Asker: 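This is the structure I want to talk about, given as structure tokens.
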Amino acid sequence: MTSQHEFDTDLAATRATPEYKAALRAYEPAHELGIQIRAAREARGWSQTELANRAGMRQHAVSRLEAGDVVPTLTTLKRITAALGAKLTVSLAA
């Protein structure tokens, strides 16, 4: 069995690799969007199921979005923001 120290050491080594850092950067926007979606949903007192029903989606899809597990398409974001009565803003920064 792996000790906690060995696990922590292996994890630190993995997180130090260029591949891990690149993957983290790639999913950072998805993670941030997930945080915003969850906050908006919770501000309305809705469950994930409620948001999913209003957006024409399944609950597990909302769960994955909120967790940042997937990079949503613009179409999906439009459905979510419409269901929330929110405005979708997309921008590029130098």
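Just so you know, residue 1 is the first one in the sequence shown, and it goes up from there. Remember, predicted model here, so these are calculated numbers, not experimental data.
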Asker: Report the distance from atom CD1 of Ile37 to atom CD of Glu32, rounding to the nearest 0.5 Å.
Answerer: 10.5 Å
Asker: Please check if Leu65 and Val90 belong to a single hydrophobic cluster, counting links between Ile, Leu, Val, Met, Phe, Trp and Tyr side chain heavy atoms closer than 4.5 Å.
Answerer: yes
Asker: Does the Arg44 side chain pair with the main chain of Ala40, one donor and one acceptor, at a distance under 3.5 Å?
Answerer: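 A pair under 3.5 Å: yes.
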Asker: Of all heavy-atom pairs between Thr14 and Tyr20, which one has the smallest distance, and what is that distance?
Answerer: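 Closest approach of Thr14 to Tyr20: O-CB, 3.2 Å.
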Asker: If you measure from CG on Leu74 to OG1 on Thr81, what distance do you get to the nearest 0.5 Å?
Answerer: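 Here the rounded value is 10.0 Å.
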Asker: Mind checking the OG1-CZ spacing from Thr73 to Arg79? Nearest 0.5 Å is all I need.
Answerer: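 Thr73 atom OG1 to Arg79 atom CZ measures 8.5 Å (nearest 0.5 Å).
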Asker: Minimum heavy-atom separation for Leu84 to Trp46, with atom names?
Answerer: CD2-CZ3, 3.7 Å
Asker: Please set out all donor-acceptor pairs under 3.5 angstrom arising from side-chain atoms of residues 49-62, sequence neighbours excluded.
Answerer:
residue, atom, partner, partner atom, Å
Glu50, OE2, Arg54, NE, 2.5
Glu50, OE2, Arg54, NH2, 3.0
Asn53, ND2, Thr49, O, 3.3
Gln59, NE2, Gln48, OE1, 2.5

Asker: Determine whether a donor-acceptor pair (N or O, by modelled atom type, separation under 3.5 Å) exists between the side chain of Glu66 and the backbone of Ser63.
Answerer: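 Such a contact is absent between Glu66 side chain and Ser63 backbone.
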Asker: Does some side-chain heavy atom of Lys87 sit less than 4.5 Å from a side-chain heavy atom of Thr89?
Answerer: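 With C-beta onward as the side chain, the pair touches.
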Asker: Let me confirm one number: the CG-CD1 distance from Leu88 to Ile80, rounded to the nearest 0.5 Å.
Answerer: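 If we round to the nearest 0.5 Å, Leu88:CG and Ile80:CD1 are 11.0 Å apart.
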Asker: What distance do His31 atom NE2 and Leu33 atom CG have between them, rounded to the nearest 0.5 Å?
Answerer: 10.5 Å
Asker: With hydrophobic residues grouped by side-chain heavy-atom distances under 4.5 Å, do Leu77 and Val70 end up in a single group?
Answerer: yes
